[in-house]
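Worksheet: one structure, shown below.
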Amino acid sequence: MNSNSANQQDQQPFHLLEKEEVLKRLETREEGLTSEQAAQLLERYGKNMLQEAKPKSLLAKFIEQFKNVMIFILLAAAVLSGILGEWTDTIIILLVVILNAVLGVIQENKAEQALEALKSMSSPHARVRRSGQVTEIKSEELVPGDIVLLEAGNVVPADVRLLETASLQTEEAALTGESLPSDKHADKLEGTDLVIGDRTNMAYMSSSVTYGRAVGVVTATGMKTEVGRIAGFIAEEETDVTPLQKKLDELGKYFTYIILGVCVVIFAVGLLQGREMLDMLLTSISLAVAAIPEGLPAIVTIILALGVQRMAGRKAIIRKLPAVETLGSTEIICSDKTGTLTLNKMTVEKLYANGATIEATEQLKETPGGELLLQAMTLCNDSSIDEGSTTGKQGSENTKGDKASGTKSGKAIIGDPTETALVDYALSIGTDKRELEKQYPRKSELPFDSDRKLMTTIHQVEAGKFRGLTKGAPDVLLSKCSHIYEAGELIPLTEEHSRKITASNKALADEALRVLAFAYRDYAELPDKPSPDTTEKDLVFIGLVGMIDPPRDEVRDAVAVCRKAGIRPVMITGDHRDTAAAIAKRLGIIDDDKSVLTGRELDKISEADFANRVEDYSVYARVSPEHKVRIVKAWRKKGKIVAMTGDGVNDAPALKSADIGVGMGITGTDVAKGVSDMVLADDNFTTIVVAVEEGRKVYSNIRKSIQFLLSANLGEVLTLFIATMIGWRILEPIHILWINLVTDTLPALALGLEKAGEDVMTKKPRKSSSSIFSGGVGAGIVYQGIIEAALTLLVYYWAHTHYDEGVAVTMAFATLGLLQITHAFNVRSNTKSLFQIGLFSNKYMLGASVISGLLLVLVIIIPGLNDWFGVQHLNGLQWWIVCGAAVSIVVLVELVKLFVRLSGKGKGWD
């Protein structure tokens, strides 16, 4: 072996080489490697296994959760509370921080799980030829140059260049996205840019052999295989953060600077006023505690978790908490076609019989020649009806590539997808394959062959009479026909007939239908040793059948909703251009073929050029996994938030590259689900629209909670800052901590349960670059915080001039607390009146207000407890003043909202 052999796995174009050249490059022969050669190569290349991602320790994952500015602020709040002797608050804050970290570890997606799923798809054993002898070895011991034997039912154990084939078909849907099995051969291919789905002389690791047999030579093993390359994508380190995480980090940095600045100013001013250093230190700490939104991370986490719970009830399973919010800002949905936009089951749609094209919904039995066509469709067919099983209508519960599927007839049909479609259609109009087989038993057959593109079966129709039924490619079968069955008669096939049939075939193909032709021939006796030359000639043409994997009925409406919501659907599939275009047109994704691009065409476009032109295309056909990743990344470079749906192994890299990966729960492979942020339990594209709506609602509610918390904290900071500058000792640290604990938490959570507005799916998605303070949130925080501070200071000033210091502090404490509770109702909308929304429309807000109000009032009225908090009883007039101030913020904010509505400046604020 020369030194170059170590590099043989690095993507050599084996499909473009003759068999002899392939064997030469791999330094092997058709008799196979010797045991010594295999051992040397195994040592050189390593085992035929997928490498596992190096797992992080549980401690490392836990520590990573603390790399956040807001978490640092929370920890600072805990330390400050401890300095003040408020150990209860220290414990509470630390518990919040730890809870956040634990939730983060639980929700975190782990690449090693996806790789385990990929490994489970591999074949455990392989039959190989070593030194001319066939033997069975563990698949992990395969090396490049091994001669592998494949037959129906095998899982392909490595990437293989085929040397000999006999009617070989492999199921590659999980790799290519193509719903039909791929016909394989051993001939050299032409072209330099063939995608995986077009490399018909190759068989790839993890695909399955559905028909025929073959001999091939291993060209790549382990991580060098196509599946291995996908595993490499999955194992890459994820560094992206969600828009919300970016905004919260940004928010935390702002608050760090503001808090430090204000505390320094207060401390310096107090010293200049001649106040004691310890007193000013405690005042500065009190101000810092007031400014820190210690409940914010916990509130955001809980709102996201509540969103997850709601979405689970609507068939969208969230695997990562931030995915809920990310969905709300989605601008592009890149969707796989097969099984996602379509049903992933071939369906008969149109037929050509008796000289005319008819819809499959019409009664074929009433058409002359219809019974003959049904005979050919069901009898020249190797699929079978499961005697004991049924499936719900359109209720496929198979994974991509399985042979049994949900059917019109409600019966479970096992076999090739094309053949099961024929049997299913026949069943749906009352023709049962099982009954026909009893009536017309099969006596002989010529199996389908990819070279001749035909299949023939011979049946006994009555004593001394036999009938051959043939199906296959229309152009091939038509050339074998000498007659046609039309108007109930057998007549010679004329040029006019041929032209009409060819035109009908083209019309069906133009609609992206897979077309099969059917013919028959009667015999007086059973043919002896039937062969293609003697049996498949002088046939009688019966008709054509057009099939397609149809789009889901509800998806067109979902696409329309997406467009209305400013979301662009993009189809990415391994299927052929015409098929992809036809489905996309039906769904309303495109209007013409100009928006369609193939993988081969994409390969000719440079990265820079494609980044500029990505908006020109909405459908990508015949693509490879690398293309999918490239498309997703091109959109993200445009600054778009991209969701990618998919169910196959081939979708996994793109699912991981997208801002949010959406896997399919029923038809999805474990690999696709393993790397997804969200899994659709019903495989329904419409559920994505529901999830987007929920995501928008969650983000809107998070912003409301942020506005509420920060306006409340700003009110506290301004109150303390102004009071300190004047020389008032208005509130103690314990007062601020108690207000933050009882009035912030429950009302903020209740805002997280606010219902979505009716117009939530008519607005354009927010830009990922947009500030969390946009849309009136920043303005609301500022003016509402000022109002809170002004009302609190006003009440304190009045009480200070009429009563003693204790009453004044108590009234300020009660006013600030109750102001925040009533203000929570204001934040439910920045433009709509509270009375327009409905004062009692959020029952959670009512409950939160009552509980928070009681907790605030009880520390004032319960003897002993008020001494501990440094407050005292208030009389009736004092309570009236406090409550009047608390309610007045609702009136003031309602006036601001009225001005905003009248001026028209608040459009799109909510």
Side-chain angles (χ1 to χ4, degrees), residues 1-51 118-119 121-150 154-165 168 170 172 175 184-189 194 196 199-209 214-232 624-625 649:
M1 300 277 166
N2 59 46
S3 60
N4 290 331
S5 63
N7 299 319
Q8 291 298 326
Q9 296 203 76
D10 293 331
Q11 300 306 312
Q12 293 267 359
F14 291 109
H15 55 286
L16 303 179
L17 304 176
E18 295 287 356
K19 291 180 279 188
E20 295 75 17
E21 180 63 21
V22 172
L23 294 172
K24 184 179 177 182
R25 289 207 185 186
L26 291 167
E27 299 184 6
T28 187
R29 50 188 183 148
E30 293 194 35
E31 291 76 16
L33 301 168
T34 65
S35 299
E36 293 76 17
Q37 287 175 319
Q40 291 174 12
L41 290 170
L42 185 62
E43 187 176 346
R44 179 172 296 166
Y45 292 129
K47 290 186 176 182
N48 179 32
M49 297 171 63
L50 301 182
Q51 296 171 7
L118 270 173
K119 285 175 66 181
M121 295 180 65
S122 303
S123 173
H125 294 90
R127 289 173 64 232
V128 299
R129 198 182 285 157
R130 292 257 174 102
S131 300
Q133 299 294 317
V134 176
T135 182
E136 189 172 275
I137 65 170
K138 291 182 179 179
S139 292
E140 63 185 44
E141 296 174 4
L142 281 174
V143 293
D146 261 326
I147 303 299
V148 177
L149 283 68
L150 301 171
N154 288 165
V155 174
V156 181
D159 286 1
V160 174
R161 167 64 160 91
L162 301 171
L163 303 176
E164 301 172 21
T165 61
L168 184 71
T170 62
E172 297 177 333
L175 269 176
K184 297 293 184 178
H185 60 81
D187 300 330
K188 170 188 171 184
L189 297 175
L194 299 177
I196 293 173
R199 296 175 193 170
T200 49
N201 59 5
M202 298 288 294
Y204 292 102
M205 186 179 189
S206 83
S207 59
S208 58
V209 179
V215 176
V217 58
V218 173
T219 59
T221 58
M223 296 300 287
K224 295 294 185 179
T225 62
E226 292 296 332
V227 168
R229 294 171 68 193
I230 291 172
S624 66
V649 177

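Residue numbers run from 1 in the order of the sequence given. Fair warning: this is a prediction, and the values are worked out from it, not measured in the lab.
Taken from CG in Asn201 to CG in Asp187, the straight-line distance is 8.0 Å, to the nearest 0.5 Å. To the nearest 0.5 Å, atoms CG (Asn154) and CZ (Arg127) are separated by 7.5 Å. Atom CD of Gln40 and atom CD of Glu43 lie 8.0 Å apart (nearest 0.5 Å). Leu149 contributes atom CG, which lies 10.0 Å from atom CG of Leu163 (distance to the nearest 0.5 angstrom).
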Inset, instruction - Tell me, with the steps shown, if Leu168 and Val209 meet side-chain contact (heavy atoms from CB on, under 4.5 Å). - result: CA-CA 7 Å; Leu168 184 71; Val209 179; 3.5 Å; yes

Inset, instruction - Evaluate the side-chain contact (heavy atoms from CB on, under 4.5 Å) criterion for residues Val218 and Val143: first the C-alpha distance (whole Å), next the side-chain angles of each, then the deciding distance (0.1 Å), finally the verdict. - result: CA-CA 7 Å; Val218 173; Val143 293; over 6 Å; no

Inset, instruction - Would you please test Leu16 and Leu194 for side-chain contact (heavy atoms from CB on, under 4.5 Å) and show each step? - result: CA-CA 9 Å; Leu16 303 179; Leu194 299 177; 4.3 Å; yes

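Between Asp146 and Glu141 the shortest heavy-atom distance is OD2-O, 4.2 Å. Closest of all the heavy-atom pairs between Ser131 and Thr34 is OG-CA, 3.3 Å. Between Ile196 and Tyr204, the shortest heavy-atom contact is CG2-CE1, 3.5 Å. When all heavy atoms of Glu172 and Ser207 are compared, the pair lying nearest together is CG-CB, 3.9 Å. Across all their heavy atoms, Leu41 and Pro144 have their closest contact at CD1-O, 3.5 Å. The minimum heavy-atom distance linking Gly32 with Ile147 is given by the pair CA-CG1, 3.6 Å.
The main-chain N or O of Thr219 is never found under 3.5 Å from a side-chain atom of Asp159 such that the two would form a donor-acceptor pair. With Lys188 contributing its side chain and Lys19 its backbone, the two residues share no donor-acceptor pair below 3.5 Å. Under the 3.5 Å distance criterion, the side-chain polar atoms of Asn48 are matched with a main-chain donor or acceptor of Gly222. In this structure, the side chain of Thr225 does not engage the main chain of Ala158 through any donor-acceptor pair within 3.5 Å. The backbone N or O of Glu30 lies less than 3.5 Å from a partner atom in the side chain of Arg129, making a donor-acceptor pair.
Exactly one residue among Leu162, Leu189, Leu26 makes a side chain to side chain contact (heavy atoms under 4.5 Å, CB included) with Phe14. That residue is Leu26.
Ionic pairing of Glu226 and Arg199 is present here: one or more N-O contacts between side-chain nitrogen and carboxylate oxygen are shorter than 4.0 angstrom. Electrostatic pairing of Glu21 and Arg161 does not count as a salt bridge here, judged by no charged N lying under 4.0 Å from a carboxylate O.
Annotation: salt bridge (charged side-chain N to carboxylate O under 4.0 Å, His left out) contacts of Arg29 (sequence neighbours excluded): none. Legend: residues meeting side-chain hydrogen bond (donor to acceptor under 3.5 Å, both in side chains) with Lys47, ordered by chain and number and at least two apart, are Glu140.
In this structure, a donor-acceptor pair under 3.5 Å is present between the side chains of Thr200 and His185.
Considering only heavy atoms from C-beta on, Leu150 stays 4.5 Å or farther from Thr170 through its side chain.
Remark: Glu136 CD is packed, more than 12 non-hydrogen atoms of other residues, nucleotides or ligands lying under 6.0 Å away.
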